[in-house]
Amino acid sequence: PVGSRNHETVASLRARIVAEYPEHAPAPYRELPKVLERSGNVFGAEIERLEGPRRPDAELAFFPGCTLPYFEPESAAHTVRLLASLGVRLSIVDGVCCGGPLDVLGLEPRRENVEANREAVRATGASVVTAACPRCAHRLAKDLGLPGVRVEHTIETLERLLPGSSVLDGLRRKLEGRSVTYHDPCELGRYRGLYENVRRVLAITGVKVVEMPRSGSSSVCCGAGGGLRSVDARLSREISRRRVEEAVQTGAEMLLTECPSCVHNLRTGRRRDQPLAVKDVSAMLGEALAEPEHGAPA
């Protein structure tokens with residue numbers, strides 16, 4: 001309420017600890033810069049290339065990030081399907097980590113990564129880059145620096161393109177009356193101020209949003225943010241379980257969010273006896289596109 005930028009203070013303190021007192025820094029924090037240098041992503045593993053269009057004359061470029069294709073490949077495929085249906089020329093960006101995870105340590109992205117992503121975006125010819133990860137959208141908007149190229153989060157892209165698309169009526173017929181609750185990702189809301197955008201997109205598809213008590217700007221973390229999951233998985237899961245329980249209490253049939261890390265952590269926190277699907281909005285819409293309409297042949 002008083003405008004304190006706590007995340008910046010914490011990041012600067014972490015940067016000092018890592019630089020001056022590395023023996024007191026958690027091992028994952030010490031290793032992260034080395035992992036990014038070796039592999040180009042936060043997992044230190046080979047991430048499978050997403051299926052989808054790659055072209056030099058795109059209007060819209062999709063930056064998948066690390067978490068979506070690594071942890072949630074099906075969601076990534078559904079998101080690509082949705083974006084490809086919106087009536088604009090789409091190309092996937094084969095980039096590397098945006099450097100956002102280094103933010104939690106108060107460190108700047110690697111110059112080599114920034115330049116690699118700049119070249120990968122330039123190769124698509126697109127004037128708009130859309131990112132599924134709020135942190136990726138935040139970093140790319142700061143770092144790309146390409147004249148005439150704008151960076152959006154996927155929910156901004158959907159709000160802009162879905163109303164005039166040829167698929168909206170079909171989505172509405174399939175989704176009308178579906179009951180969901182929505183978890184506001186910290187970085188989508190607090191970094192980019194995107195709260196009502198998601199709800200407007202869901203509204204035009206006929207989806208009913210049942211709000212949790214803590215939502216919008218009063219939302220709470222799912223437990224994945226700030227690097228917590230890498231240093232205290234137990235606490236991260238406990239926080240996630242509390243959030244999933246809030247969602248269950250709404251009576252909604254589905255828990256939606258719009259951040260790959262939130263999706264993964266909320267799924268981790270869901271208990272087996274909780275019949276609540278956890279999906280991100282883009283993937284849910286893309287999945288619905290693939291479903292046959294009632295009365296239509298499969």
Shortest non-hydrogen contact from L266 to S240? CA-OG, 3.4 Å
E211 CD: over 12 foreign heavy atoms closer than 6.0 Å: yes
Residues E156, R192; criterion side-chain contact (heavy atoms from CB on, under 4.5 Å); working and verdict: CA-CA 10 Å; E156 296 173 284; R192 296 187 65 80; 3.0 Å; yes
Indicate the atoms forming the closest heavy-atom contact of S179 with V210, along with that distance. OG-CG2, 3.6 Å
Evaluate the criterion side-chain contact (heavy atoms from CB on, under 4.5 Å) for residue pair E31 and K34; output intermediate values, then yes/no. CA-CA 5 Å; E31 288 298 314; K34 302 173 189 176; 3.5 Å; yes
Using the side-chain contact (heavy atoms from CB on, under 4.5 Å) rule, take V42 and L36 through it: C-alpha gap first, then chi angles, then the decisive distance, then the call. CA-CA 6 Å; V42 295; L36 290 178; 3.9 Å; yes
For the CG atom of L82 and the CD atom of E287, what is their distance to the nearest 0.5 Å? 11.5 Å
Side-chain donor/acceptor of R172 to backbone N/O of I204, under 3.5 Å: yes
Do L68 and F43 share a hydrophobic cluster (ILVMFWY, side-chain heavy atoms under 4.5 Å, transitive)? no
For the CZ atom of R241 and the OG1 atom of T268, what is their distance to the nearest 0.5 Å? 9.5 Å
Looking only at heavy atoms, the pair that brings K174 and R178 closest together is O-NH2, 3.8 Å
Would you mind reporting whether P22 and R30 have side-chain heavy atoms less than 4.5 Å apart? yes
Using a 4.5 Å cut-off on heavy atoms from C-beta on, say whether the side chain of L188 contacts that of C259. no
Heavy-atom pair with the smallest gap, counting every atom of A252 and L276: O-CD1, 3.3 Å
Indicate yes or no: at least one non-hydrogen side-chain atom of I239 is less than 4.5 angstrom from one of L228. yes
Under 3.5 Å donor-acceptor, S165 side chain and L162 backbone: yes
What do the steps show when you test L175 against L202 for side-chain contact (heavy atoms from CB on, under 4.5 Å), and what is the final call? CA-CA 9 Å; L175 298 173; L202 291 171; over 6 Å; no
Spacing of CZ belonging to R111 relative to CG belonging to N113, to within rounding of 0.5 Å: 12.0 Å
CD of E59 to OG of S127: how many Å apart, nearest 0.5 Å? 7.0 Å
Do any N or O atoms from the side chain of S4 and from the backbone of N6 form a donor-acceptor pair under 3.5 angstrom? no
Quick one: does T124's side chain have a donor or acceptor within less than 3.5 Å of a partner on A58's backbone? no
Are L83 and V93 connected, step by step, through hydrophobic side chains (Ile, Leu, Val, Met, Phe, Trp, Tyr) whose heavy atoms are closer than 4.5 Å? no
Test salt bridge (Lys or Arg N to Asp or Glu O under 4.0 Å) on R271 and D273; report intermediate values, then the result. CA-CA 5 Å; R271 300 181 188 276; D273 61 350; 5.6 Å; no
With Y195, which residues qualify under ring-ring contact (aromatic ring centres under 6.0 Å, His included), at least two apart? none
Can you check whether E196 reaches R199 side chain to side chain, under 4.5 Å on heavy atoms? yes
Which atom names give the shortest non-hydrogen contact between S39 and N41, and what distance separates them? OG-O, 2.9 Å
Can you list every pair that meets ring-ring contact (aromatic ring centres under 6.0 Å, His included) and has a residue in residues 44-63, with sequence neighbours left out? none
Distance-only, no hydrogens or angles: does the R200 side chain make a donor-acceptor pair with backbone N or O of E159 under 3.5 Å? no
Donor-acceptor pairs are to be reported for all side-chain atoms of residues 213-227 against protein atoms at under 3.5 Å, with residues two or more places apart or in another chain.
unit_1 : atom_1 : unit_2 : atom_2 : d
R214   : NE     : E246   : OE2    : 3.1
R214   : NH2    : E246   : OE2    : 2.3
S215   : OG     : M212   : O      : 3.4
S219   : OG     : D184   : O      : 3.2
S219   : OG     : R243   : NH2    : 3.1

Are any of the side-chain heavy atoms of Q274 and E245 separated by less than 4.5 Å? yes
Can you tell me how far CD of E72 sits from CZ of R267, rounded to the nearest 0.5 angstrom? 4.0 Å
Approximate separation, where rounding is to 0.5 Å, of R54 CZ and I92 CD1: 4.5 Å
Pairwise ring-ring contact (aromatic ring centres under 6.0 Å, His included) hits with a residue in residues 262-285, at least two apart: F71-H264
Among the clusters formed by ILVMFWY side chains lying less than 4.5 Å apart, do V263 and I47 turn up in the same one? no
Any heavy-atom pair between the side chains of V198 and L256 that's under 4.5 Å? no
If you count heavy atoms of other groups shown closer than 6.0 angstrom to CD of E176, is the number above 12? yes
So the side-chain hydrogen bond (donor to acceptor under 3.5 Å, both in side chains) pairs with at least one residue in residues 15-26 (sequence neighbours excluded) are R16-E20
Quick check on the hydrophobic clustering: are M284 and V167 connected, directly or via other members, by side-chain heavy-atom contacts under 4.5 Å? yes
Does any N or O in the side chain of R270 come within less than 3.5 Å of the main-chain N or O of V244, such that one atom is a donor and the other an acceptor? no
Within the distance-only criterion (no hydrogens, no angle test), does the side chain of T79 pair as donor or acceptor with the backbone N or O of S75 below 3.5 angstrom? yes
Can you find a pair of side-chain heavy atoms, one from P33 and one from L102, that are under 4.5 Å apart? yes
How about L86 and L158: do any of their side-chain heavy atoms sit closer than 4.5 Å? yes
When clusters are formed by joining ILVMFWY residues with side-chain heavy atoms under 4.5 Å apart, either directly or through shared neighbours, do L50 and V129 land in the same one? no
Sequence neighbours left out, cut at 3.5 Å: what donor-acceptor pairs do the side chains of residues 132-153 make with other protein atoms?
unit_1 : atom_1 : unit_2 : atom_2 : d
R135   : NE     : E187   : OE1    : 3.2
R135   : NE     : E187   : OE2    : 2.9
R135   : NH1    : D103   : OD2    : 2.8
R135   : NH2    : E187   : OE2    : 2.4
R139   : NE     : D143   : OD2    : 3.0
R139   : NH1    : D103   : OD1    : 2.8
R139   : NH2    : D143   : OD1    : 2.9
R139   : NH2    : D143   : OD2    : 3.0
R150   : NH2    : E152   : OE2    : 2.9
E152   : OE1    : T157   : OG1    : 2.6
E152   : OE1    : R160   : NH2    : 3.2
E152   : OE2    : R160   : NE     : 2.9
H153   : ND1    : I155   : N      : 3.1
H153   : NE2    : A132   : O      : 2.9
H153   : NE2    : E258   : O      : 3.3

Test side-chain contact (heavy atoms from CB on, under 4.5 Å) applied to L255 and V278, V248, V180, the passing residue: V278
Taking H183's backbone N and O only, do any of them form a donor-acceptor pair with T257's side chain (distance below 3.5 Å, no angle check)? yes
